Amino acid sequence: MSDQIKFIVDNLNKEPFRKNYNLITFDSLEPMQLLQVLSDVLAEIDPKQVVDIREEMPEQTAKRMLSLLGILKYRPPGNATDMSNFRQGLVIGSKPVIYPVLHWLLQRTNELKKRAYLARFLIKLEVPSEFLQDETVADTNKQYEDLMEAFKTLHKECEQLKTSGFSTAEIRRDISAMEEEKDQLIKRVERLKKRVETVQNHQRMLKIARQLRVEKEREEFLAQQKQEQKNQLFHAVQRLQRIQNQLKSMRHAAADAKPESLMKRLEEEIKFNSYMVTEKFPKELENKKKELHFLQKVVSEPAMGHSDLLELESKINEINTQISQLIEKKMMRNEPIEGKLSLYRQQASIISRKKEAKAEELQEAKEKLANLEREVSVKTNQTREFDGTEVLKGDEFKRYVSKLRSKSTVFKKKHQIIAEFKAEFGLLQRTEELLKQRHENIQHQLQTIEEKKGISGYSYTQEELERVSALKSEVDEVKGRTLDDMSEMVKRLNSLVSEKKSALAPVIKELRQLRQKCQELTQECDEKKSQYDSCAAGLESNRSKLEQEVRGLREECLQDESRYHYTNCMIKNLEVQLCRATDEMKTYVSSDQQEKRKAIREQYTKNIAEQENLGKKLREKQKAVRESHGPNMKQVKMWRDFEQLMECKKQCFLKQQSQTSIGQIGPT
């Protein structure tokens, strides 16, 4: 307790309170002063709490403080009975109540400021359901909820920005650097403008450049739109494929299915889902709630030391010994009925555990199957994107594999031939290198011999002369051959042209006759086509009329079927109601009093009479409370005044005793 008071005094002496207390002065504060200190601390957390409690009624002060402490999620120590003591102590300014509150508030002031700020916007106003029937009220409530969600997102973004590490100094540096870059760009633009002004038709060129920029931006925008549309198309294709797969699987399942098998499958699914909903999920939810309650309890409790842990371990050991003693006593009794029941209980627990394990395995298998189907659809879409073809299945895949094997054998043979060619090429390349080296050596030796004889360059000039003479002879031969070839080609072409003319003369005559015949046939074809189009249009109009009539008759048939089923359901409901009414009449008319008591009318009259009696008692109790409220409040006030008077007398008596004791000590 002394550490707690010391912590409170140290924090109250700091900013922003600056109370200048010490342990003695703080401990000697009156209840009203202590409540004012608590109100000041709450006002620091929530500025709306700035109130002088001397100008406020005690009930209002307690209500205001309790509501804010509830928002801040303060949990007083103890159970429900201690809550009433906590409220009473908060009203009268009791130190054992206010000291823990101050200690808790001063420990986490910044966190509680944030919580109070968020509570101002996130505590939802509960609107009664009967008011929400009005459209304007419902729309306003919907806008209110949307604004609350928007505030949540904005607050999260703000917190992320605060914790992201961006400092104001860095932002200012970035802004100054950007301003410098902006000035440099402005100067550069002015220089470029001055340069461009000297060029002819600069306005037209600027206009064209501006149009080019606009078109590029438009091109980027269109490319972005194209990409978005491609993505939408991809998602639509995925969705279509998924739906087609579902439809295919449903058709495949319904192809050889009978009503009995379908009903059996549906019953199994219903049993599994009902088991999951009624047994498994509620148990898991209950376990999670227990864990959450336990964790909240652990969080709300103060931090434990080593001694507390040792004490808890000793308690756990004592409870374990008690449990073992009780089990031994139960085993000593050895009741046969209990033994049989324990066997049945064990078997039931084993079966329930197996059932839960199988349900979990089935759920995991379903999730795994869904994931695999999703992966298969993604892979097929990826292959379609890369290759543009669908994934092969069944016999097509087998044929593709066999074709691939044959191609692989051919590829291996070709690869082997290429390897042989490469090896041979390497040998030839090596021989070429060796021959080049020998040639260079011979040339070097020849040059040295020519230098010794005094005729250097002789071999080179001789080779050049031989090469030039060979080229000249080749060119002369080519010229002669080309002239002879050209003359022969001209003769051949002339002969060919004359032959073709003679051969094509009868063909041209036949072609003229065929052209005339083709014109006659095209005219006849056009006439027949017009007749066919008119006939097809008439038949199409008749077909559309018949389709409309068939569609209308089908709709009428569906409406009649739905009306028939509806009337059947209504007849069955009326029959059930009629049976209930006849049973009610029988029980009401029968002479047996016990059957009469089972009647619904008798039960309702009995309930109405009980509720009327209860309402009469409650009204009498309310009347008595109202009559005694004023005198009771006066009595409470008198007791408080009496308590204050006795407290004052006590203080006076203590002061008098202290003065007398000081007076006695002085003369001696």
Side-chain angles (χ1 to χ4, degrees), residues 1-79 82-123 155 158-159 162-163 295-308:
M1 191 72 178
S2 60
D3 295 335
Q4 194 178 50
I5 296 170
K6 187 177 179 182
F7 176 78
I8 294 167
V9 170
D10 291 338
N11 281 279
L12 288 175
N13 290 333
K14 294 176 184 177
E15 291 289 340
F17 304 107
R18 300 176 68 182
K19 295 291 185 180
N20 294 324
Y21 289 141
N22 54 30
L23 294 175
I24 297 168
T25 55
F26 180 73
D27 194 45
S28 62
L29 289 175
E30 296 293 328
M32 290 292 288
Q33 294 174 342
L34 202 58
L35 283 172
Q36 185 63 51
V37 171
L38 179 59
S39 180
D40 293 340
V41 174
L42 292 173
E44 179 61 28
I45 293 168
D46 187 3
K48 289 183 180 179
Q49 304 293 324
V50 180
V51 177
D52 190 356
I53 61 171
R54 291 175 294 183
E55 300 174 358
E56 193 178 27
M57 294 293 291
E59 291 82 3
Q60 292 178 354
T61 304
K63 186 178 179 182
R64 176 173 59 81
M65 291 181 178
L66 284 170
S67 63
L68 184 58
L69 289 172
I71 290 168
L72 299 177
K73 296 182 181 180
Y74 173 72
R75 292 186 179 180
N79 50 17
D82 295 333
M83 283 297 294
S84 59
N85 297 328
F86 174 76
R87 292 192 187 95
Q88 189 176 0
L90 193 64
V91 170
I92 63 175
S94 176
K95 292 178 182 178
V97 173
I98 292 177
Y99 283 175
V101 177
L102 284 171
H103 184 261
W104 186 79
L105 292 172
L106 293 169
Q107 267 184 334
R108 45 182 71 83
T109 308
N110 294 324
E111 179 187 349
L112 296 175
K113 280 182 183 179
K114 182 179 175 183
R115 192 175 291 173
Y117 168 72
L118 292 174
R120 194 187 312 168
F121 303 102
L122 296 181
I123 291 177
H155 181 72
C158 180
E159 290 295 323
K162 284 181 181 177
T163 57
L295 292 171
Q296 286 177 350
K297 191 175 179 182
V298 169
V299 169
S300 62
E301 289 179 356
M304 290 186 178
H306 187 66
S307 59
D308 297 330

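Just so it is clear, the structure is predicted and the values come from calculations on it, not from any experiment.
- Partner of L112 under the side chain to side chain contact (heavy atoms under 4.5 Å, CB included) criterion, out of L106, I45, L42: I45 alone.
- Contacts of Q33 classified as side chain to side chain donor-acceptor pair (under 3.5 Å), with partners at least two apart in sequence or in another chain: none.
- Here D10 contributes atom CG and N22 contributes atom CG; the two are 11.0 Å apart, rounded to the nearest 0.5 Å.
- Residues D52 and Q36 have side chains in contact (heavy-atom distance under 4.5 Å, counting atoms from C-beta outward).
- For the pair I8 and L12, the minimum side-chain heavy-atom distance is below 4.5 Å.
- Residues V37 and I98 fail the side-chain proximity criterion, which asks for heavy atoms closer than 4.5 Å.
- For the atom pair OG1 of T109 and CG of N11, the computed distance is 7.0 Å after rounding to the nearest 0.5 Å.
- Looking at S39, its side chain never comes within 3.5 Å of a backbone N or O of L35 through a donor-acceptor pair.
- Qualifying side chain to side chain contact (heavy atoms under 4.5 Å, CB included) partners for N20, counting only residues two or more places apart in sequence or in other chains: none.
- Y74 pairs by the side chain to side chain contact (heavy atoms under 4.5 Å, CB included) definition with L69, P76, P77, F86, P100, V101, W104, not counting sequence neighbours.
- Applying the salt bridge (charged side-chain N to carboxylate O under 4.0 Å, His left out) test to D40 and every residue at least two apart in sequence or in another chain returns K19.
- Residues forming a salt bridge (charged side-chain N to carboxylate O under 4.0 Å, His left out) with R108 (at least two apart in sequence, or on another chain): none.
- Within the 4.5 Å cutoff, no side-chain heavy atoms of F121 are placed close to those of H155.
- Nearest heavy atoms, M65 versus L38: SD-CD2, 3.8 Å.
- Remark: the backbone N or O of Y21 is not paired with any side-chain donor or acceptor of T25 at under 3.5 angstrom.
- Applying the side chain to side chain donor-acceptor pair (under 3.5 Å) rule to D27 yields the partners Y99; only residues at least two apart in sequence or on another chain are considered.
- With rounding to the nearest 0.5 Å, the separation of NZ in K73 from CZ in R75 is 8.5 Å.
- In this structure, I92 and P31 approach most closely via the heavy-atom pair O-CB, 3.1 Å.
- Atom CG of L68 and atom NZ of K63 lie 14.0 Å apart (nearest 0.5 Å).
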